[in-house]
Amino acid sequence: MNPGTILVVVIVAVCFGLSIFGLVRQQKKGGCCGSCKGCSHSSTCHTSSTHKI
């Protein structure tokens, strides 16, 4: 493998790792997952502008 290929693989791996880290961090933080049925903070979910009762 040449240095350019190694650099691209490293950049893609870092981006993938950061996205996974962000998802895990968001999951631990809690909040609404998009479905009020599974929402741990239902009052937050119901007051959002995208979801009205």
Let me check something: do [X] and [Y] share a hydrophobic cluster, defined by ILVMFWY side-chain heavy atoms less than 4.5 Å apart, either directly or through other members?
X: F21; Y: I11; value: no
X: L18; Y: V10; value: yes
X: V8; Y: F16; value: no

